[in-house]
Participant: 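Before we start, here is the structure in question, set down as structure tokens.
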Amino acid sequence: MLFRASAETVAVMALDGSLFLHLNEQFFHLHGHRPGPSEARSWERSIPALAAALNDAGLGCVEVLIEYALPLNSKRADAVLAGANPITGEPSYVVVELKQWSQATPDEDDTALCHIDAYARPVLNPIEQVRRYCQYIANFNGAVAGCSDRVSGVAYLHNATEFGVEGLRAMELDSQGQLFTAGRRGDFLDYLRAKLSDRVPGAPAADELLSGKPVPSRQLMSVAAEEVREREQFILLDQQQVAYRMVLNAVRKAKQSDRKEVVVVTGGPGTGKSVIALSLLGELYRQGVPALHATGSQSFTKTMRKVAGARKREVQDLFKYFNSFMAAEKNTLDVLICDEAHRIRETSANRYTSSTHRTGKPQIDELIDVARVPVFLLDEHQVVRPGEMGTVAEIKAAAEAKGLACSVVPLDSQFRCGGSDAYLRWVVRLLGLEQGGPVVWVPDDRMQLRVADSPEEMENFLEGRRAQGYGARISAGYCWPWSKEPKPGEPLAADVVIADWARPWNLRGDRGISGAPPSALWATDPAGFGQVGCVYTAQGFEYDWSGTIIGPDLVWRGDRWITDRTASKDPVFKKSTSDDDVDRLIRNTYKVLLTRGMVGTVVYSTDPETRARLRELVGAQREAITV
């Protein structure tokens, strides 16, 4: 949230200009950069319109929360109005989505989408947008958990006439999704009076909402079975919902007109790509549409099979690998959902592939050919192995070569790391994946960051968090050799050795040994805490607290990072892998490891100079590590 005050105060500050100065400064403090021109312009034009409406409705005592941050998410609602219900006296909240649009037209195929001149792609109908914000707040803010009737939603298009946007109301309206325009301003004032009391100050209700503990996000793995077998469990927001609808629309069109279309969904860690994939698979599965989920990740695919298909073999069979379609006929499926598509390889052949299947056909072509609607969800900055080539450019080129339309949907909000954009930006700057160099971490209220002086300190801290009911894992760069797995009943070899501290790597096999879970379940089985995970078992997963050990393959010297390929024990790095590729892949590896935590991250480096640099960047968090 950037600012809160009564509607009366907001109106006064908007008039004298101080409100916008405050919003700009607070935005810079929270995000580390200035707001874009369009966002600043929307504050200057839309907030005064909302404040004027509230005061004209006699609701100057209502509390206005500007740019309210959704819990465990980087998305922000334009405003949340807090007050009391005029009839019951209970807390009442109105989520407001403000639009400067003068006109908009619904998508001819889907009323949940609409078109405006400023954007080439369809956007979410603001009625559906604000409705989903309401549902999300009701699901994830403890102050209104079980009381969804306290949360209402409205889109206020204060520059629009009825003629300009009337088509948007083809979307179903309800208490959490309404729309008003400048032409119906009187109705908007009546709506506000019906939801909020003009006699009870809204500050206490605002306090209650802001102090509501975020309900822990439903972990992807723990609800997969319900998601696929029964009903949608995730609330998709904004571009997530746009991506979801575009795929379903492409499926419908493919059936009606016997055509193919490629859809690419791209976004950074935690933007909800796998949530979209599961939501799509669940909906298609319920409709009886032939569809499969595929990844290049053994851990993710095996976990999906185990959790989502715990009681139904046909559900297990929905989860495949990218190399499962070498001999498949064209258009066998209606939909193939390629999750973690950045792990697509040049070909599907490996050392076990029979000569009859060694066609040399690119893996991208196999995946496109097998389905009428191939869907690729990817993050180009999570490539961690040589030979991985799933990029937007590669997929678009492959589609173009086949004469196929290819739609690309970028995701902008993220749900991992407590929804902290500031933390993700800190990580990519730290690792030199964005220009500008490392910056000092400025604590926010979304993600916690600690630096440990030893692996023992890290482990003890995480054990304390586990005692409080949080999940935790320790992962490390691939800088220690991996012993052969012991026979059943024998102890695991302690491969990761740092001074007097030693722990085993996670298992590599498909069966548990000596209480440790199989490789594919290391990130999701509580027993995984006893072993150190590597990037291949951590990638694609999340846990509450993440401990990351930076090994000697990445050290800070002077004013820059130095990668040492000789310190890496990863067998995928061959002599033919260039130094530049090794440098990029090692940095990407640590980006993956440092972005697994939902609540907090503890980082430790085996190198003293690197630890000192991390301490300089994280600074004042030293005392909290021992708490």
Participant: Should we count CD of Q287 as having more than 12 external heavy atoms under 6.0 Å?
Facilitator: yes
Participant: Measuring only between side-chain heavy atoms, which start at C-beta, is L284 closer than 4.5 Å to D334?
Facilitator: no
Participant: Can a side-chain donor-acceptor contact be found between D110 and N249 if the only test is distance below 3.5 angstrom?
Facilitator: yes
Participant: Can you tell me if S483 uses its side chain to pair, donor with acceptor, with the backbone of A493 under 3.5 Å?
Facilitator: no
Participant: Report yes or no: does W426 contribute a side-chain atom to a donor-acceptor pair with the main-chain N or O of V439 at less than 3.5 Å?
Facilitator: yes
Participant: Is a side-chain N or O of H293 found less than 3.5 angstrom from the main chain of I337, in a donor-acceptor match?
Facilitator: no
Participant: I'd like to know if the side chain of R429 and the backbone of G437 have a donor-acceptor N/O pair within less than 3.5 Å.
Facilitator: yes
Participant: Is it true that a side-chain atom of D365 and a backbone atom of K361 form a donor plus acceptor pair closer than 3.5 Å?
Facilitator: no
Participant: When the aromatic ring centroids of Y478 and W505 are compared, is their separation below 6.0 Å?
Facilitator: yes
Participant: CG of L280 to CE of M246: how many Å apart, nearest 0.5 Å?
Facilitator: 12.0 Å
Participant: Per the side chain to side chain donor-acceptor pair (under 3.5 Å) rule, what does the pair list look like for residues 319-331, sequence neighbours excluded?
Facilitator: K260-N331
Participant: Can you tell me how far CG of D581 sits from CD1 of I586, rounded to the nearest 0.5 angstrom?
Facilitator: 11.0 Å
Participant: Quick check: do N588 and Q382 have side-chain heavy atoms less than 4.5 Å from each other?
Facilitator: no
Participant: Which of these, L411, L237, V265, L124, sits in a side-chain contact (heavy atoms from CB on, under 4.5 Å) with V242?
Facilitator: L124
Participant: Find the distance between CD1 (I344) and CD (E366) and round it off to the nearest 0.5 Å.
Facilitator: 10.5 Å
Participant: Evaluate the side chain to side chain donor-acceptor pair (under 3.5 Å) criterion for residues Y244 and Q240: first the C-alpha distance (whole Å), next the side-chain angles of each, then the deciding distance (0.1 Å), finally the verdict.
Facilitator: CA-CA 6 Å; Y244 174 81; Q240 293 178 334; over 6 Å; no
Participant: Apply side chain to side chain donor-acceptor pair (under 3.5 Å) to T566 and D564, showing your working.
Facilitator: CA-CA 5 Å; T566 65; D564 181 0; 2.4 Å; yes
Participant: State whether the side chain of E485 and the backbone N or O of G509 hold a donor-acceptor pair below 3.5 Å, judged by distance alone.
Facilitator: yes
Participant: Kindly indicate whether the side chain of S546, heavy atoms from C-beta on, has any atom under 4.5 Å from the side chain of L594.
Facilitator: no
Participant: Once you round to the nearest 0.5 Å, how far does CD1 of I368 lie from CG of L404?
Facilitator: 6.5 Å
Participant: For the pair D107 (side chain) and L113 (backbone), establish whether a donor and an acceptor sit closer than 3.5 Å, ignoring hydrogens and angles.
Facilitator: no
Participant: Could you report the tightest heavy-atom contact between A371 and V335, atom names first, then the distance?
Facilitator: CB-C, 3.9 Å
Participant: So how far is it from D379 CG to T391 OG1, rounded to the nearest 0.5 Å?
Facilitator: 12.0 Å
Participant: Check whether any side-chain N or O of E380 sits under 3.5 Å from a backbone N or O of V392 as a donor-acceptor pair, and report yes or no.
Facilitator: yes
Participant: Indicate the atoms forming the closest heavy-atom contact of F322 with G296, along with that distance.
Facilitator: CE1-N, 3.3 Å
Participant: Is the shortest side-chain N to carboxylate O distance from E388 to R343 below 4.0 Å?
Facilitator: yes
Participant: Does this structure show an ion pair linking R259 with E261, if we count only N-O contacts that are shorter than 4.0 Å?
Facilitator: yes
Participant: Using the side chain to side chain donor-acceptor pair (under 3.5 Å) rule, take T563 and D583 through it: C-alpha gap first, then chi angles, then the decisive distance, then the call.
Facilitator: CA-CA 6 Å; T563 53; D583 178 80; 2.9 Å; yes
Participant: How close do A520 and F541 get, counting heavy atoms only, and between which atoms?
Facilitator: O-CZ, 4.4 Å
Participant: Kindly indicate, with the supporting measurements, whether the criterion side chain to side chain contact (heavy atoms under 4.5 Å, CB included) is fulfilled by V264 and C406.
Facilitator: CA-CA 7 Å; V264 180; C406 181; 3.9 Å; yes
Participant: Any side-chain donor-acceptor pair under 3.5 Å between N506 and T537?
Facilitator: yes
Participant: Just checking E108: does its CD atom have more than 12 heavy atoms from other residues, nucleotides or ligands closer to it than 6.0 angstrom?
Facilitator: no
Participant: Taking atom CD of E434 as the centre, report whether more than 12 heavy atoms of other residues, nucleotides or ligands fall under 6.0 Å from it.
Facilitator: yes
Participant: Indicate whether any N or O donor in one side chain lies under 3.5 Å from an N or O acceptor in the other, for T295 and D339.
Facilitator: no
Participant: Taking 4.0 angstrom as the limit, do E128 and R132 come out as a salt bridge?
Facilitator: yes
Participant: Just do the side chain to side chain contact (heavy atoms under 4.5 Å, CB included) check on L462 and F529 with the steps written out, would you?
Facilitator: CA-CA 9 Å; L462 295 177; F529 185 75; 3.9 Å; yes
Participant: Within the 4.5 Å heavy-atom criterion, are L333 and L336 side-chain neighbours or not?
Facilitator: yes
Participant: Are any side-chain N or O atoms of T577 and backbone N or O atoms of V582, one a donor and one an acceptor, separated by less than 3.5 Å?
Facilitator: no
Participant: Does any N or O in the side chain of R565 come within less than 3.5 Å of the main-chain N or O of D553, such that one atom is a donor and the other an acceptor?
Facilitator: no
Participant: Could you check R503 against D495 for salt bridge (Lys or Arg N to Asp or Glu O under 4.0 Å), going step by step and ending with a plain yes or no?
Facilitator: CA-CA 6 Å; R503 293 293 180 271; D495 288 326; over 6 Å; no
Participant: Provide the closest heavy-atom pair for A243 versus V409 in the form atom of the first, atom of the second, distance.
Facilitator: CB-CG1, 3.9 Å
Participant: Between atom CH2 of W561 and atom CZ of R587, what is the distance when rounded to the nearest 0.5 Å?
Facilitator: 8.5 Å
Participant: Going by distance alone, is a donor N or O of one side chain under 3.5 Å from an acceptor N or O of the other, for Q539 and S297?
Facilitator: no
Participant: Begin from the C-alpha positions of C338 and L377 and carry the test side chain to side chain contact (heavy atoms under 4.5 Å, CB included) through to its verdict.
Facilitator: CA-CA 6 Å; C338 300; L377 303 105; 5.9 Å; no
Participant: Show the nearest heavy-atom pair for residues G551 and C479, with the distance to one decimal.
Facilitator: CA-SG, 3.8 Å
Participant: Are W480 and I549 close enough, and set up right, to give a side chain to side chain contact (heavy atoms under 4.5 Å, CB included), and what steps lead you there?
Facilitator: CA-CA 12 Å; W480 292 266; I549 298 174; 4.1 Å; yes
Participant: Are side-chain N/O atoms of S605 and D607 paired as donor and acceptor at under 3.5 Å?
Facilitator: no
Participant: So do Y604 and I550 actually touch side chain to side chain, heavy atoms under 4.5 Å?
Facilitator: no
Participant: Measure from NZ or CZ of R385 to the centre of the six-membered ring of Y536, then state whether that distance is under 6.0 Å and the direction lies within 45° of the axis.
Facilitator: yes
Participant: Under 4.5 Å between any side-chain heavy atoms of P362 and T347, yes or no?
Facilitator: no
Participant: Can you give me the closest heavy-atom contact between L70 and Y133, atom names plus distance?
Facilitator: CD1-CD2, 4.0 Å
Participant: Would you say that L507 contacts Q531 through its side chain, given a criterion of any heavy-atom pair below 4.5 Å between the two side chains?
Facilitator: no
Participant: Does any non-hydrogen side-chain atom of Y543 lie less than 4.5 Å from one of M598?
Facilitator: no
